[in-house]
Amino acid sequence: MCGIVGYAGARPALDIVVDGLRRLEYRGYDSAGVAIVCDDELLTEKKAGKLANLEKTLAERAGGGTADPGAGPLGIAAGSTGIGHTRWATHGGPTDRNAHPHRSVDGRVAVIHNGIIENFAKLRAELEDGGIEFGSDTDTECVAHLLAAELDRMRADGQPAGPPLLAAAMRAVCRRLEGAFTLLAVDAALPGVVVGARRNSPLVVGRGTGENFLASDVSAFIEHTREAVELGQDQVVLITADEVSITDFDGAPAAGKDFHIDWDASAAEKGGYDWFMLKEIAEQPQAIADTLLGRLTDSGEIMLDEVRLTDQDLRDVDKVFIVACGTAYHSGLVAKYAIEHWTRIPCEVELASEFRYRDPVLDRSTLIVVISQSGETMDTLMALRHAKEQKARVLAICNTNGSTIPRESDAVLYTHGGPEVAVASTKAFLTQLVACYLIGLHLAQVRGIKYADEVAAVVAQLQEMPDKLRTLLTAMEPVRQLAQDLRSAPTVLFIGRHVGYPVALEGALKLKELAYMHAEGFAAGELKHGPIALIEQGTPVVCVVPSPAGRGMLHDKIVSNIQEVRARGARTIVIAEEGDRAVLPYADHLIAVPRTPTLLAPLVTTIPLQVLAAEISAARGYDVDQPRNLAKSVTVE
Ligand code: F6R
């Protein structure tokens, strides 16, 4: 939701913090701000809109373009301790005054925050009763005032001045907060110190030499250090240039989880593409290959990453629920076909935001598969917690190592897709599919339904996919041309059957979120029950066709559906296997994809739809990576 960066070291903090924010801007871009401690003065700057607005203001400030009474003797660029924030608004609109950091009344403490403080109305009323005037509509501002009051109280009590004081004050404040938060704070009286806290929201530490970092995710500091510490739930961390110390909210020493970041630094940059999304589409063959890497043991068994479930637990499973949101939900819809086909266990797919509210019937023999790229999606996290309360087993598919969802699950299979910066999910979707296939095979094997050689045969088919995808990606020029043709279409419909149906839903979602066009995905057989009335002369209909080598009936049925829409004036865009001659007479545009086994087909048929949506968005002049109203990681329900 929001991106957070903190720095304590010897270098100018402003540059490091702003660079970090640039890498985190995918998390939210309603406003941005920084607070730098310089010569025991606290200097802040914040601006509504994208980070570029803040950078412009900072540049003017550096060039003396604005008269700034708070510029300090050395100026904001000189301080070597700082925090920065890029926001996705929750409490209070995206304005300058609501941008973070928020300062205490005396201006000496600054706070940034990701999450929602659920008891903020009560805290605000209490602070206002005490005479504090609020300068914003945010829940975060409460924390700045509470922290300043706590520091005053501790100083008045004679507690020794020094870095631990800020951590102690933060702990006292956190004990009063309800909800989800990552908080960072600096105090003008304590130059060289940044304190952070987390509950239900991400925070990682980057350990440098003579400098340390805090951030919502490692991409913010990957160019400075690859040694990181993941903070646990309800922990407070204090960093200085030479120290990282972690405690729980009661002050007991605690340890985070150390890890080494092996992502390529260039993976977090655009690498020559106009948009991160296009780069991430192109990275899909590698992402799939990486997700498959090392999954088969010598004896042909599939390995998950972190397993706190026994084989007997998996043999006892009598029902699978897949729970996820958005694109991740679509990967679950595909998985249902594979899991039921391979394991013969009933499998339901649920939107995480609905799951717990309908009070599903769960018990110890229910397996919940939660799918999340970020590992922080609040809807999915809450569904997971509900499932655990009902004693169900939870297996997570996740792209973000150490995030909350895998940490709270009984088993994890990480998709090794690398950082996904564009808001619209692409490589996460394909790697989630691969992970779902692996889980389906693992379940089938553990339950004795598939032999090791049968599992190995499907894994071998999966291992052929990266090359097929590379070939397909070189043939996207007709899709780009088609995007120019479709850029002014009032509506685009997508149809598919079997695993092609979720692909149709995903194609429509991509077009809606990126090009702001009306788009709908339908099960092709459902058209005749209503939606076919939408078709007018020239309405584009994208048809996802299964392999003719698969179940013939399936293929024939969709060819009939294509004829039906064409007979009513639709302009058909047919995605079909190369050599599929049956569709030729009914395709106004044909996009051929490599031959692929039926259940694995979404790995190829999705790619042209991703490219189509990105190119239409660009042709309409929109920001492909940061579509309006959206954020990469949605940490509110
Ligand atoms: C769409 C998209 C979203 C996410 C959804 C879940 O392109 O990216 O629909 O798939 O918000 O996010 P994660 O996977 O992080 O839980």
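Note that ligands are numbered from 1 as they come in the structure, with each ligand's atoms numbered from 1 the same way. Since the model is a prediction, treat every value here as computed from it, not as a measurement.
Distances from atom 11 (O) of ligand 1 to the protein include no heavy-atom value under 4.0 Å.
For the pair L413/I439, a side-chain contact is recorded, criterion being any heavy-atom separation below 4.5 Å from C-beta on. Proximity of T327 to L509: side-chain heavy atoms (C-beta onward) are separated by under 4.5 Å at one or more points. Within the 4.5 Å cutoff, the side chain of E420 has heavy atoms near those of the S425 side chain.
Atoms of ligand 1 lying under 4.0 Å from at least one heavy atom of V423, given by number and element, are 8 (O). Interface of K510 with ligand 1, defined as ligand atoms under 4.0 Å from a residue heavy atom, comprises 1 (C), 7 (O). Atoms of ligand 1 found under 4.0 Å from any heavy atom of A328, numbered from 1 in the order shown, are 10 (O), 14 (O). Close approach of ligand 1 to S374 is summarised as follows: ligand atoms under 4.0 Å from at least one heavy atom of the residue are 13 (P), 15 (O), 16 (O). Applying the 4.0 Å criterion to heavy atoms of T377 picks out, from ligand 1, the atoms 12 (O), 13 (P), 15 (O), 16 (O). Of all atoms in ligand 1, numbered sequentially from 1 with element shown, those under 4.0 Å from a heavy atom of S372 are 13 (P), 14 (O), 15 (O), 16 (O). For ligand 1, the atoms sitting less than 4.0 Å from at least one non-hydrogen atom of A424 are 7 (O), numbered in the order shown with element in parentheses. Of all atoms in ligand 1, numbered sequentially from 1 with element shown, those under 4.0 Å from a heavy atom of E513 are 1 (C), 7 (O).
Between E376 and T400, the side chains place no donor N or O within less than 3.5 Å of an acceptor N or O (distance only, hydrogens not considered). No side-chain N or O of Q481 forms a donor-acceptor pair with one of D485 less than 3.5 Å apart.
In terms of polar-atom proximity, T327 is counted as a contact of ligand 1, with an N or O under 3.5 Å from an N or O of the ligand.
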task: Using the ring pair (Phe, Tyr, Trp, His ring centres under 6.0 Å) rule, take F355 and F321 through it: C-alpha gap first, then chi angles, then the decisive distance, then the call.
output: CA-CA 10 Å; F355 185 64; F321 280 103; 5.6 Å; yes
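Ionic pairing of E283 and K279 is present here: one or more N-O contacts between side-chain nitrogen and carboxylate oxygen are shorter than 4.0 angstrom. Using a 4.0 Å cut-off between charged nitrogen and carboxylate oxygen, D30 and K50 do not count as a salt-bridge pair.
A cation-pi arrangement is not found for R620 relative to Y516, the charged atom failing to lie both closer than 6.0 Å to the ring centre and inside a 45° cone about the ring normal.
Nearest protein heavy-atom neighbour of atom 14 (O) of ligand 1: Q373 N, 2.6 Å. Remark: minimum distance from atom 5 (C) of ligand 1 to any protein heavy atom is reached at C325 O, 3.6 Å.
Counting heavy atoms only, S425 comes closest to atom 8 (O) of ligand 1 of the residues A613, S425, A422.
Neither the backbone nor the side chain of E376 comes within contact range of ligand 1; no heavy atom lies under 4.0 Å.
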